[in-house]
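One structure is given here, and the rest of the page talks about it.
Note: hydrogens, waters and symmetry copies are ignored here, and every other heavy atom, side chains too, is used. Just follow the structure's listing: the first ligand is 1, and inside any ligand the first atom is 1.
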Amino acid sequence: MRYLTAGESHGPQLTTIIEGLPSLLPLTAEHINHDLKRRQGGHGRGRRMQIETDTVEIVAGVRHGKTLGSPVALVVTNDDWKHWTKIMGAEPLSEDVDPDEIKRQISRPRPGHADLVGGMKYGHRDLRNVLERSSARETTVRVAAGSVAKALLKELGISIVAHVTEIAGIKADASLLEGKTANEIRAIIEEDACYCVDPVASAKMVEVIDATKKAGDSIGGVVEVIVEGLPAGIGSYVHYDRKLDSKLAAAMLSINAFKGVEFGIGFEAARLPGSQVHDEIIWDEENGYTRVTNRLGGLEGGMSTGMPIVVRGVMKPIPTLYKPLQSVDIETKEPFKASVERSDSCAVPAASVVAEHVIAWEIAKVIVEQFHSDQLPQLKAQLDEMRRYTKEF
Ligand SMILES: Cc1cc2nc3c(=O)[nH]c(=O)nc-3n(C[C@H](O)[C@H](O)[C@H](O)COP(=O)(O)O)c2cc1C
C-alpha cells in the first residue's frame, strides 16, 4: 500500500492517490472530513485556518460507499486559490503582465524553513517555489490518506488516538490516561482546545500560547499516539527495514517541524536499570500473553507485542515569527529581519492530528503487506486468526 501527494500551499488543490487498499472497505467523505476539521483546529492556529475549510472529494476508487480495490484518489481544493491564480498559475506569464503586478519574488529565506537550502537545491531564486511545497499545508492530504487507513484499522478492531502531552514545558498529568481506552481519550480531547486530556494543564497551555503570540514568538511541544488492538507479531525482527518501530519513527519524523521520537518511557530508559525498563510477561486464558507494564510502548524486536503501541513525537516551535529573526537577502546579500505575512504561533494540537494519521497509515500499511489483503473480509479473518493463534501459542 502506498500513496503520493501533490499540491502547492496556494495552488488550486491538494491531491493524493492511494494504491493497494483492500476492496469492500466502507469509506465516505464525511469520515475523512471529520479528521480534516480536527487538523484545522486547536488553540494557536493563525489566519490561514480561518480562510480554508478543508473538505475532501473522493474522485476515484470508491463506489456506493465502498472501496473497489482500484486506486483511491482524494482531492482537497484550496478555497484561497481564487486570490492566487496569477501568482501560482501553471501557464507561462503572458508578456503583457508586469511581474511586479503579480507580487515581487521572495528573496528573503526564513530561518528554520526549507527556503534557503531548497532554493539552492532546485535552483529557485524566487523562494516561493520552495515554500509553497515545503509548507505544512501538505499535511492536509496526509491526514486524508491516514483517515482512509484509520477506516481500515477500525474494521480490523484497531483503534488509534493522538493527544498533546506537553506544550512549552507544561505537561499533562499522565495518570489521567490510566484505565482509559483510545476511544475514551478521543472523547475527552475532541472537546479540549489543546487536544489534551488534562483540563488544568490545557488551560495553562492556552495561556502560554496566547502570551507567546502576543510576544510575537512561537512554541513547540510533545504529542503522543496510542494504538490499541494490534495483534502481536506485526512487523519483524529479521531485517532492518521490516522493523515496525523504525517505520513508525520515520513516519513521525516526516511531519514538518518534528525533531525527535520515543516509544513508551523513551529516553528515560537511558537513566534506569534494566529491571525498571523491561516488561515482565504473564499469561491468562482470557487475554493470552500480556505484559505487567508497558514501558517499551508495545514493541519488542521490531514487532508489536499485543500491548498498546505508545509513540511520542517532539515538535519544535514554529519557525515563522512575528518577532523577526536575522537572515540574508539572496539578491543583495544584505542582512534583514525576516518578517511575516501570517503564521501559527503554536501548531502542536494540529500536529497531534497529523501524527495520529501518519502512524495510522504506517500500521495499516504493514498489516496489508503482512497478510493477504485483496478483500477486506479475508483480511479481517486473518487478523482474527492471528489474535487467536498468538493467544494460545
Ligand atoms: C500542522 C502544522 C502546522 C504548521 N504551521 C506552520 C506555520 O503556520 N508557520 C510556520 O512557519 N511553520 C509551520 N509549521 C512548521 C513548518 O512547516 C516546518 O517547520 C518547516 O516546513 C521546516 O521543516 P522542518 O522544521 O521539519 O525542518 C507547521 C507544521 C505543522 C505540522
Under 3.5 Å between some N or O of ligand 1 and some N or O of [X]?
X: Thr139; value: no
X: Arg110; value: no
X: His113; value: yes

Which atoms of ligand 1 sit under 4.0 Å from any heavy atom of [X]?
X: Ile255; result: 31 (C)
X: Ala347; result: 2 (C), 3 (C), 4 (C)
X: Ser134; result: 21 (O)

Note to self: Looking only at the side chains, is there a donor atom on one of Glu138 and Thr5 sitting less than 3.5 Å from an acceptor on the other?
What the structure shows: yes
Notebook entry, point to check: Would Ile32 and Leu74 satisfy side chain to side chain contact (heavy atoms under 4.5 Å, CB included), going step by step from the backbone distance to the final call?
Noted result: CA-CA 10 Å; Ile32 301 170; Leu74 308 175; 4.1 Å; yes
Notebook entry, point to check: Under 4.0 Å from ligand 1, counting heavy atoms only, is it the side chain of Ala257, its backbone, both or neither?
Noted result: both
Notebook entry, point to check: Does Arg137 offer a backbone N or O that forms a donor-acceptor pair with the side chain of Ser9 under 3.5 Å?
Noted result: no
Next item on the list: Grab the two heavy atoms, one from Lys204 and one from Ile170, that are nearest each other, plus how far apart they are.
Entry: O-CD1, 3.6 Å
Given [options], which has its nearest heavy atom closest to [atom]?
atom: atom 27 (O) of ligand 1; options: Met315, Arg39, Lys259; answer: Lys259
atom: atom 30 (C) of ligand 1; options: Ser254, Ala114, Ala136, Gly220; answer: Ala136
atom: atom 13 (C) of ligand 1; options: Leu253, Ile318, Val354; answer: Ile318

Note to self: For Lys213, is there an ion pair with Asp210 - N to carboxylate O distance below 4.0 angstrom?
What the structure shows: no
Next item on the list: Describe, in one word, how the ring planes of Trp84 and His10 are oriented to each other, choosing from parallel (under 30°), tilted (30 to 60°) and perpendicular (over 60°).
Entry: parallel
Next item on the list: Give the intermediate values and the outcome of salt bridge (Lys or Arg N to Asp or Glu O under 4.0 Å) for residues Arg271 and Glu268.
Entry: CA-CA 5 Å; Arg271 296 166 207 123; Glu268 195 51 32; 2.7 Å; yes
